[in-house]
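Owing to the predicted nature of the structure, the values given are computational and were not obtained by experimental measurement. Reminder, nothing fancy here: chain letters follow the sequence lines and each chain counts from 1.
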Amino acid sequence: MSKVIVYCEHTGGNVRRASLEAIGAAASAGAEVVAVLWGEGASVAAASAAGAAKAICLTGDASFSPDAVAAAVTEVIQSEDAKGFLAAASYRGKDLCPRIAAHLDVSPFADCIEFMAAGESFQVKRPWLAGKALATLGTTGGVLCATTRLNVFEPVDGPGPSDCSEHAVSAPAKATVTSTEAKADAKLDVNEASVVVSGGRGLQEAANFKLVEDLAAAFGNAAVGASRAVVDLDWRPHGEQVGQTGKTVAPQLYVAVGISGAIQHLAGMRTSGVIVAINKDAEAPIFKVADYGIVGDAFEIVPALTEAVKAVKAQS
Amino acid sequence: MNIVACVKRVPTTEAVAKPAADGKGLDASEFQYMISFYDKIAVEQAVQTKEAAGSGEVTVLTLGPSSGTKEIRECLAKGGDKAVVLTDDDWQSRDARSTAKALVAQLSAMNADVVFMGRVATDRDNAAVGPMVATYLGWPCVTDVIGLEIADGKGSAKVETDAGIETVEFQLPAVITCQKGLNEPRTAGLKGIMAAKKKPLEELAPEAIENQSDVIEVALPPARKEGRIVGEGAAAVPALIDALQNEAQVL
Ligand SMILES: Cc1cc2nc3c(=O)[nH]c(=O)nc-3n(C[C@H](O)[C@H](O)[C@H](O)COP(=O)(O)OP(=O)(O)OC[C@H]3O[C@@H](n4cnc5c(N)ncnc54)[C@H](O)[C@@H]3O)c2cc1C
Ligand SMILES: Nc1ncnc2c1ncn2[C@@H]1O[C@H](COP(=O)(O)O)[C@@H](O)[C@H]1O
């Protein structure tokens, strides 16, 4: 069985769901998983790395250095003789993976949606041109390095590792994170939420996003997304933009309100589980990818939908 | 300051994907091209960095086709001082490692203080070349930067991560990859366009480096199953709820 090292992010004493999904991806290919964690609380969080046979905690400076941590993870990959490296396609994972790949002199693969065994090695499937095509790729190098798209792989339902060994981060830091301004609220990120309710220019002004926020709140596990048009108008922050030059999302349910469905927007959400579109124009291209559509005025439909969702949630 | 902006010629975002006949790439016969969205932010940041320093030179560096100089002249019209084109008509099929290594070979001879790149090129969406180039060169790299200050051989960058806004400090030389929000790219004026025609553009042959990633197959994603309009106006809400609960089972 080939070994895969999975870089696990953690918060509040637990490995983050996105990293558990990366472990799930490795496990789905029959790999033996070694979890690598960095930072304060790593040894406690390691126990929650469900599906990992063992854990290695990186110790050293209190502040994070992406280059020093990438060098340390590379040392672990080499000393464990791993054939794969995975991380979640989060900010951190996408930043670390290509650095590690360069150390190993291989080409990394971002945002993978499948991870398969291929002899001793692995193959991945990943989007090209923002998902307009899917490429199946392998490596001729020693280690396949990849990040896994969020919300695609299932975490392993099972125990975490029982112990955690240590590996020192010893490379000198070239860049260092000196402070983090925590988010004002514990809002779900669009690419992590299982429901995304997005609004577009059809909402007519920034204040009307209240309708979208209320619908997201009714679902409970939802995040608010936006089209580029409304981000460019400064109605919403760029972190909420869905699409080719924003975030790619694959929630169980995607609700598009007043969004026309331009090709660049579709690129960011077309792999969602179920797509609902609300638009007053029956010819809007968003209806071509929607599973369910309602034609009409969002100002009338969305409040009614919010009440109906609240009623369903109150029953369950 | 010696500043480099790396730009890539990519299919426009409207491009339609069609697998190539051998199933190992994309059929490029109908593609229109543009400079990758984030690379325009990289060029703008390079020009602003020079302006803030009061002196220096901005080199636009690309590995691309000999026919792609129109897009490169555009970057010169927006404030680049000169361009270096590593001419390779197979630029689209290079993997991230082989592109990074060819850029590294060139950058090693350029003595740059700072190299700006896009966070991702909107063709294969690798988001890899910037951090790979920095790692090969042994330089610091900050990815997805939305705020930047450079002074006295040092820099401080802001990035948006899942945890919040991080401040990252580093020494020059460094590679910075640019995220939307870092700046608003300027449009080229007539004067800039005229001046660009006379700016030096050097064409060189890049190192031939074999791809390391192995393309097994390129295919179109499975089509979504046909959807339906459940109704019009607020009256259609019960039908939608019913479909979400009983048919799709997501509520
Ligand atoms: C290089 C490039 C990159 C891009 N990247 C992205 C990206 O990442 N993400 C992205 O989203 N876009 C992106 N775009 C922009 C994209 O092409 C579209 O311009 C944008 O998605 C349109 O946003 P919209 O649907 O909100 O607005 P519009 O296209 O203006 O659509 C508004 C919709 O609202 C409907 N409407 C109006 N009033 C109501 C009402 N009262 N009730 C219900 N419906 C109503 C209208 O029928 C219409 O369909 C990019 C473009 C380029 C060139
Ligand atoms: N062929 C190329 N020539 C010049 N710069 C490139 C090239 N390919 C990638 N880059 C740079 O690397 C960034 C990230 O590209 P990628 O890793 O392919 O997503 C781009 O935004 C460019 O700044």
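Residues B:Glu14 and A:Gln264 meet the side-chain proximity criterion, which asks for heavy atoms closer than 4.5 Å. Residues A:Trp128 and B:Asp125 fail the side-chain proximity criterion, which asks for heavy atoms closer than 4.5 Å. Residues A:Glu9 and B:Thr161 fail the side-chain proximity criterion, which asks for heavy atoms closer than 4.5 Å.
At a 4.5 Å heavy-atom cutoff, the contact between A:His103 and chain B is made by backbone and side-chain atoms alike. If you measure heavy-atom distances from A:Leu305 to chain B, the contacts under 4.5 Å come from both the backbone and the side chain. For B:Pro19, no part lies near chain A; criterion is any non-hydrogen pair under 4.5 Å. Contacts between A:Phe64 and chain B at a heavy-atom distance below 4.5 Å are absent for every atom of the residue. Heavy atoms of B:Ile241 lying under 4.5 Å from chain A belong exclusively to its side chain. Of the atoms belonging to A:Val302, not a single heavy atom falls under 4.5 Å from chain B. With a threshold of 4.5 angstrom between heavy atoms, A:Lys288 does not approach chain B through any atom at all. Neither the backbone nor the side chain of A:Ile100 comes within contact range of chain B; no heavy atom of the residue lies under 4.5 Å from a heavy atom of that chain. For a residue to count as touching a neighbouring chain, one of its non-hydrogen atoms must lie under 4.5 Å from one of that chain's; by this rule A:Ile263 touches chain B with the side chain only. When heavy atoms are compared at a cutoff of 4.5 Å, A:Pro237 does not approach chain B at all. Looking at B:Ile165, both its backbone and its side chain come within 4.5 Å of chain A, counting heavy atoms on both sides. If you measure heavy-atom distances from A:Ser65 to chain B, you find no contacts under 4.5 Å at all. Only the side chain of B:Lys101 comes within less than 4.5 Å of a heavy atom of chain A; its backbone N, CA, C and O stay farther away. A:Gln123 touches chain B through its side chain: at least one heavy atom from C-beta onward sits under 4.5 Å away, while N, CA, C and O do not. For a residue to count as touching a neighbouring chain, one of its non-hydrogen atoms must lie under 4.5 Å from one of that chain's; by this rule A:Val312 touches chain B with the side chain only. Both the backbone and the side chain of B:Glu217 come within less than 4.5 Å of a heavy atom of chain A. Neither the backbone nor the side chain of B:Val10 comes within contact range of chain A, judged by heavy atoms closer than 4.5 Å. For a residue to count as touching a neighbouring chain, one of its non-hydrogen atoms must lie under 4.5 Å from one of that chain's; by this rule A:Asp111 does not touch chain B. With a 4.5 Å cut-off on non-hydrogen atoms, A:Ala133 touches chain B through its backbone and its side chain both.
In this structure, A:Arg126 contributes its side chain and B:Arg124 its backbone to a donor-acceptor pair below 3.5 Å. In terms of modelled atom types and a separation under 3.5 Å, the side chain of A:Glu300 and the main chain of B:Ala234 share a donor-acceptor contact. For the pair A:Arg270 (side chain) and B:Arg224 (backbone), a donor-acceptor distance under 3.5 Å is absent. A:Ser107 places no side-chain N or O within 3.5 Å of a backbone atom of B:Ser213 that could act as its donor or acceptor partner.
A donor atom on one side chain and an acceptor atom on the other are found under 3.5 Å apart for A:Tyr292 and B:Glu247. Donor-acceptor pairing under 3.5 Å is lacking for the side chains of A:Thr140 and B:Asp214. Side-chain contact check for B:Gln212 and A:Thr139: at least one donor-acceptor pair (N or O, by modelled atom type) lies under 3.5 Å. Inspection of the B:Tyr38 and A:Thr245 side chains reveals no N or O donor paired with an N or O acceptor under 3.5 Å. Using modelled atom types and a 3.5 Å distance limit, the side chains of A:Gln244 and B:Thr13 yield no donor-acceptor pair.
Between chain A and the options B:Gly155, B:Gly138, B:Pro222, heavy-atom pairs under 4.5 Å are most frequent for B:Gly138. Among the candidates B:Ala157, B:Gly164, B:Ala239, B:Ala100, the residue making the largest number of heavy-atom pairs closer than 4.5 Å to chain A is B:Gly164. The greatest number of non-hydrogen atom pairs below 4.5 Å with chain B, out of A:Asp67, A:Asp105, A:Asn191, is found for A:Asp105. Between chain A and the residues B:Gly227, B:Pro11, B:Gly181, the largest count of heavy-atom pairs under 4.5 Å involves B:Gly227. Here B:Pro221 is the residue among B:Pro221, B:Ala174, B:Ala236, B:Ala134 with the most heavy-atom pairs under 4.5 Å with chain A. Here A:Pro108 is the residue among A:Ala71, A:Pro108, A:Ala311, A:Gly296 with the most heavy-atom pairs under 4.5 Å with chain B. For chain B, the option among A:Leu129, A:Ile301, A:Asp189 with the highest count of heavy-atom pairs below 4.5 Å is A:Leu129. Of the listed residues (B:Val133, B:Thr177, B:Val159, B:Val142), the greatest number of heavy-atom pairs within a distance under 4.5 Å of chain A belongs to B:Val159. Between chain B and the residues A:Leu253, A:Asp95, A:Val231, the most heavy-atom pairs under 4.5 angstrom are made by A:Asp95. Among A:Val195, A:Asp297, A:Val177, the residue with the largest count of heavy-atom pairs under 4.5 Å with chain B is A:Val177. Of the listed residues B:Val230, B:Ile146, B:Thr99, B:Asp144, the one with more heavy-atom pairs under 4.5 angstrom with chain A than any other is B:Val230. Counting heavy-atom pairs under 4.5 Å between each of A:Ser272, A:Ser194, A:Cys97, A:Pro66 and chain B puts A:Ser272 at the top.
Atom CD of A:Gln252 sits about 11.0 Å away from atom CG of B:Leu251, to the nearest 0.5 Å. Considering CZ of A:Arg99 and OH of B:Tyr136, their distance stands at 14.0 Å, rounded to 0.5 Å. To the nearest 0.5 angstrom, A:Gln241 atom CD is 4.0 Å from B:Lys180 atom NZ.
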Between A:Ile294 and B:Ile229, is a side-chain contact (heavy atoms from CB on, under 4.5 Å) present by the stated rule, with each step listed?
CA-CA 6 Å; A:Ile294 299 184; B:Ile229 303 284; over 6 Å; no
What verdict does the side-chain contact (heavy atoms from CB on, under 4.5 Å) test give for B:Gln179 and A:His238, after you've listed the backbone C-alpha separation in whole Å, the side-chain angles of each residue and the deciding distance to 0.1 Å?
CA-CA 10 Å; B:Gln179 167 68 300; A:His238 178 244; 3.5 Å; yes
Passes side-chain contact (heavy atoms from CB on, under 4.5 Å), A:Thr176 versus B:Phe170? Steps please.
CA-CA 7 Å; A:Thr176 313; B:Phe170 58 92; over 6 Å; no
Determine, stepwise, if the pair A:Val295 / B:Glu232 fulfils side-chain contact (heavy atoms from CB on, under 4.5 Å).
CA-CA 5 Å; A:Val295 177; B:Glu232 280 183 32; 4.0 Å; yes
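The pair A:Asp291-B:Arg228 does not count as a salt bridge, with every side-chain nitrogen at least 4.0 angstrom from each carboxylate oxygen. With respect to B:Asp162 and A:Arg92, no salt bridge is recorded, no charged nitrogen being found less than 4.0 Å from a carboxylate O.
Between A:Ala308 and B:Val237, the shortest heavy-atom contact is CB-CG1, 3.7 Å. When all heavy atoms are compared, the tightest approach of A:Val274 to B:Ala248 is CG2-CB, 3.7 Å.
Sparse packing is recorded around CD of B:Glu149, with 12 or fewer heavy atoms of other residues, nucleotides or ligands lying under 6.0 Å away. Within a 6.0 Å radius of NZ in A:Lys313, more than 12 heavy atoms belonging to other residues, nucleotides or ligands are found.
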